[in-house]
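In the text below, chain A, chain B and the rest are named by the order of the sequence lines, each starting its count at 1. Side chains are part of it too, since the values below use all heavy atoms of this structure and drop only hydrogens, waters and symmetry mates.
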Amino acid sequence: MTIANPTLKLFNSLTGRKELFVPADPKRVTVYVCGPTVYDYAHIGNARSAVVFDVLFRLLRDVYGADGVVYARNITDVDDKIIARFQEQHRQDQQEQQEQQSQAGNQTIDQLTDFYAAAYNRDLAALGCLPPTLQPRARENMPAIIALIQRLLDRGHAYVAEGHVLFAVKSFADYGQLAKRRVEEMVAGARVEVAPYKQDPCDFVLWKPSPPIAGASFDSPWCHGRPGWHIECSAMIAAVLGDEIDIHAGGADLKFPHHENEIAQSRCAHDTPVLAHTWLHNGFLTVGGEKMSKSLGNFRYAWQCWRQTAAVDEEDAVVLLRQPQAVRLQLLSAHYRQPLNWPNVGDRGIEPASQHDGLIEDCYSLFHQAGGASGDDFWQQQQEVVATPDNPVRLALLDDLNTPLAISRLTALYQQARGGKANGKGAAGDAADGKEQALIQLLAGGRLLGLFADAPSAFFRAMPAATKDTGSTAAPATGGDDGLQDGQIAALLHQRQTARAARDFAAADTIKQTLTSHNILIQDTADGTTLYKRPHDPDWRTG
RNA sequence: GGCCGGGUGGCAGAGUGGUUAUGCAGGGGCCUGCAAAGCCUCGUACGUCGGUUCAAUUCCGGUCCCGGCCUCCA
């Protein structure tokens, strides 16, 4: 595997600088991203993190080869919030006996975590995220977690107090390195939990006692209980990737204390100079300038951004409000380290169309046009296409994942491929060839961003009906099926032609309005024929 | 209080020591009976005050705002 142009630069939170990324082993680049705690659906801000680092995964695969990258994203299925959620659900079920088991009908904690883990993976798949190479779960790694805690005890970095096992922050000189904080400063103005059994206010829990709870408590050498929040990641990283990894990523709010504590645990247990060489942290989604969060209540579930219900039993019955790919592009429309403003939900409760919805559709139109009879031939032939080293989208991503720039480059490739805005310098002879190449690189560049996974025909079949802001108070169209058959449309168009020929424009426009009200778009052409299409059709039909 | 990050045209959002992305919205034009589609085109923005410089939105300093983290959080 040749490594093409391996000049990936990434902003490393650990050093505070943009650095050239150099993996320890180019044949096995190791990446760990903090995954979800599965007690609820992911909101769109959670999805941002996964989407951003999915782009990283794709770029690394491009540079180091698909087999050269190991990407682990955990599932946290042991957590106080999960227990709380389960008990709350249980109470509700008892209160509303007559109600049919709603979303999950989760009888056990196992079922609850499995349910939300599956929902998480499904939402991300819809957003075009590749499955991670590995998806370790906390509960399945309990022996590794316990062994790691024991190791920290043996090495004098942890102690037992009143049934708890605690990490001794004082035993680790570099504590605070990632967050760039000093322990004394934190304690000073601090809101750290000062428990009497802590040797130092900043010490944090590795293991805590718990009464037996099916699926959420475990035996250990110290007491029956469950692990603290941070130890699972340390244990799973070591278990599936190694003691020292190349990249560790997550949301900016995980930097402290979560990642700081991971570093302390892992480095003290393994006696390593770093846990990860490169640390990446993504910024938040904001709503009206405020961080989107569950506690503020200003969040949207990811699925709400493109479908009406979370139910997925019958895919065909699900009404798409928007293309999930367009939601993905919107998530990538700001640089990952910056905050990204998420528009307020409109009166009708649906996500406003983003400014990039049109680009996806336009690109697909080109693929479809290039795709022969089925419309999919081009897309099929280019299944294995990769970006050239100088693909402008690729170059933008190599510079610290500059996705906004990449999107503008995508737009330029689209213009080139379509032959419009003749700023393409390939004016020399091979204009057609240049367009063809641009189209291929448009597809390849888009795939680096995680777009264009669907075949054109499938994409257009799934197109939501036009819900352009018509000011109508009616519910959004539920699919654009309007009862008008092709024959009826042709007849109406014929009538309109006749009226136009007679210069009876009032009659002609009445017919046009009828068609428009049925979501049929029409287009008169220079040769006198009239074309029409429904919003989800890729091509104009002759009428 | 400590530590980060940011203030760019109507909105969103890149970037750069001098030629000033991109998208959305908007204006004008071609085309059209009218539209649609397409094409062409326009808007010279960088919080504020100083400094460095031939030249600063871009570098430095002050200042004013805004956001995040320090507690569960992507």
Within the structure shown, what part of the strands sits under 4.0 Å from H43(A) by heavy-atom distance: base, sugar-phosphate, or nothing?
-> base
Taking CG from L332(A) and P from A74(B), how many angstroms apart are they, rounded to a whole number?
-> 19 Å
Would you mind pulling out the nucleotide paired to U19(B), Watson-Crick or G-U wobble, both distances under 3.5 Å?
-> none
The complete set of salt bridge (charged side-chain N to carboxylate O under 4.0 Å, His left out) pairs with one or both residues in residues 326-337 of chain A, sequence neighbours excluded, reads D54(A)-R328(A), R337(A)-D400(A)
Donor-acceptor pair between N46(A) and Y41(A) side chains, under 3.5 angstrom = no
With a non-hydrogen cut-off below 4.0 angstrom, is S49(A) in contact with a base, only sugar-phosphate, or nothing?
-> sugar-phosphate
Given that both distances must come in under 3.5 Å, which nucleotide forms a Watson-Crick or G-U wobble pair with G43(B)?
-> none
Quick one: does K512(A) reach the base of C34(B) with a side-chain donor-acceptor pair under 3.5 Å?
-> yes
Watson-Crick/G-U partner (both atom distances under 3.5 Å) of C30(B) | G38(B)
Shortest non-hydrogen contact between G128(A) and R58(A), atoms and distance | O-NH2, 2.7 Å
Any N/O donor-acceptor pair, R182(A) side-chain to C3(B) base, under 3.5 Å | no
Compute whether any side-chain donor of one residue and acceptor of the other, for Y39(A) and D80(A), lie under 3.5 angstrom apart.
-> no
Taking only the side-chain heavy atoms of R181(A) (C-beta and beyond), determine which of A21(B), C69(B), A74(B) contains the nearest atom.
-> C69(B)
Any N or O donor-acceptor pair linking the side chain of D524(A) to the base of C34(B) at under 3.5 Å?
-> yes
Looking at every strand, decide which applies to K180(A) at a 4.0 Å heavy-atom threshold: base, sugar-phosphate, or nothing.
-> sugar-phosphate
Would you say a side-chain N or O of N402(A) is under 4.0 Å from OP1 or OP2 of G15(B)?
-> yes
